[in-house]
Amino acid sequence: MRSPIYELFRDAMADRKQIVCVYDGCRRELCPIILGHSQGKEKALAYQFGGESRSGLPPGGEWRCLWLSRISKVELRDGPWHSGSSHKRPQGCVEVVDLDVDPASPYKPKRRF
């Protein structure tokens with residue numbers, strides 16, 4: 001059974017909506033790119049383009065690996081879709097990929113949009 005947070009991330013991916021949420025006490029603005037599971041827990045790879053981070057956020061944003069159980073106060077909003085400027089390295093964040101916004105995903109997602 002998927003959590004309500006998982007379903008909101010799925011909806012954001014399907015409709016290319018931005019997400020505003022709280023993760024580990026920091027307000028984040030992001031676009032989810034890959035959704036699935038690692039170690040049996042829900043996880044997402046997202047591009048954070050705004051908000052806060054304990055490690056800092058470089059200008060233009062940065063990739064984030066997020067455990068969905070640590071996310072609260074999720075809101076979807078309209079706005080430009082951000083996915084970073086390069087994808088040179090394979091992702092290692094999500095072990096079992098359920099969804100990937102990339103239609104040519106090399107991760108064999110279980111479902112497609």
Side-chain angles (χ1 to χ4, degrees):
M1 186 166 174
R2 297 180 188 103
S3 72
I5 301 280
Y6 181 103
E7 294 300 331
L8 286 168
F9 269 62
R10 185 199 64 77
D11 292 347
M13 292 170 75
D15 298 333
R16 296 297 196 272
K17 300 266 187 181
Q18 297 178 355
I19 289 180
V20 178
C21 65
V22 173
Y23 185 80
D24 284 347
C26 294
R27 182 182 175 276
R28 310 217 182 201
E29 298 175 15
L30 47 89
C31 293
I33 305 300
I34 293 177
L35 185 62
H37 296 81
S38 290
Q39 301 169 14
K41 297 179 182 174
E42 296 173 336
K43 206 169 186 186
L45 177 64
Y47 195 79
Q48 183 179 347
F49 60 88
E52 311 164 320
S53 170
R54 290 182 182 169
S55 63
L57 186 64
E62 188 168 64
W63 290 101
R64 301 291 187 199
C65 191
L66 309 168
W67 294 102
L68 299 192
S69 62
R70 294 163 55 181
I71 293 176
S72 62
K73 300 180 182 174
V74 177
E75 295 178 25
L76 275 57
R77 71 177 186 197
D78 292 325
W81 186 258
H82 301 271
S83 60
S85 59
S86 81
H87 306 280
K88 294 179 182 168
R89 294 182 303 164
Q91 71 89 20
C93 172
V94 180
E95 293 171 356
V96 179
V97 175
D98 294 337
L99 295 166
D100 185 341
V101 296
D102 180 359
S105 175
Y107 303 110
K108 299 180 180 129
K110 292 182 178 179
R111 295 183 292 158
R112 301 244 179 222
F113 289 106

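Quick caveat: nothing in here was measured; it's all calculated off a predicted structure. We use all heavy atoms of the structure for the numbers below, so side chains are in, but hydrogens, waters and symmetry mates are not.
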Under 3.5 Å, side-chain donor or acceptor atoms of residues 20-30 against the rest of the protein: list the pairs with distances, not counting sequence neighbours.
unit_1 : atom_1 : unit_2 : atom_2 : d
Tyr23  : OH     : Trp67  : N      : 3.2
Asp24  : OD1    : Arg70  : NE     : 3.1
Asp24  : OD1    : Arg70  : NH2    : 3.4
Asp24  : OD2    : Arg70  : NH2    : 2.5
Arg27  : NH1    : Glu29  : OE2    : 2.6
Arg27  : NH2    : Glu29  : OE2    : 3.3
Arg28  : NH1    : Gln48  : OE1    : 3.0
Glu29  : OE1    : Arg77  : NH2    : 3.0

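Annotation: the span from Phe49 atom CZ to Leu57 atom CG amounts to 10.0 Å, rounded to 0.5 Å. Note that CG of Leu45 and NZ of Lys43 are 9.5 Å apart. Values are rounded to the nearest 0.5 Å. Annotation: the span from Asp102 atom CG to Gln91 atom CD amounts to 11.5 Å, rounded to 0.5 Å. Rounding to the nearest 0.5 Å gives a distance of 7.5 Å between CD1 of Ile5 and CG of Leu68.
A search for side chain to side chain contact (heavy atoms under 4.5 Å, CB included) contacts involving Ala12 returns Lys17, Ile19, Pro32, Leu76, not counting sequence neighbours. In this structure, Tyr107 has no ring pair (Phe, Tyr, Trp, His ring centres under 6.0 Å) partners at least two apart in sequence or on a different chain. For Glu62, the salt bridge (charged side-chain N to carboxylate O under 4.0 Å, His left out) partners two or more places apart in sequence, or in a different chain, are Arg64. For Cys93, the disulfide bond (SG atoms under 2.5 Å apart) partners at least two apart in sequence or on another chain are Cys65.
Sorted by first and then second residue, the side-chain hydrogen bond (donor to acceptor under 3.5 Å, both in side chains) pairs involving residues 30-39 (not counting sequence neighbours) are His37-Asp98.
When side chains are defined from C-beta on, Leu35 does not count as touching Val94, because their heavy atoms never get closer than 4.5 Å. Considering only heavy atoms from C-beta on, Leu99 stays 4.5 Å or farther from Pro109 through its side chain.
Put simply, the side chain of Arg16 gets close to the backbone of Val101: a donor and an acceptor are under 3.5 Å apart. Using modelled atom types, no side-chain atom of Glu7 and backbone atom of Arg10 make a donor-acceptor pair closer than 3.5 Å.
In summary, the side chains of Glu42 and Ser3 do present a donor paired with an acceptor at a separation below 3.5 Å, with no hydrogens or angles considered.
Note on Phe9: it does not cluster hydrophobically with Val96, by side-chain heavy-atom contacts below 4.5 Å among ILVMFWY residues.
In this structure, Gln18 and Pro80 approach most closely via the heavy-atom pair NE2-O, 2.7 Å.
Ring-plane geometry between Tyr47 and Trp63 is classed as perpendicular, the angle between the planes exceeding 60 degrees on a 0 to 90 degree scale with a lower cut at 30.
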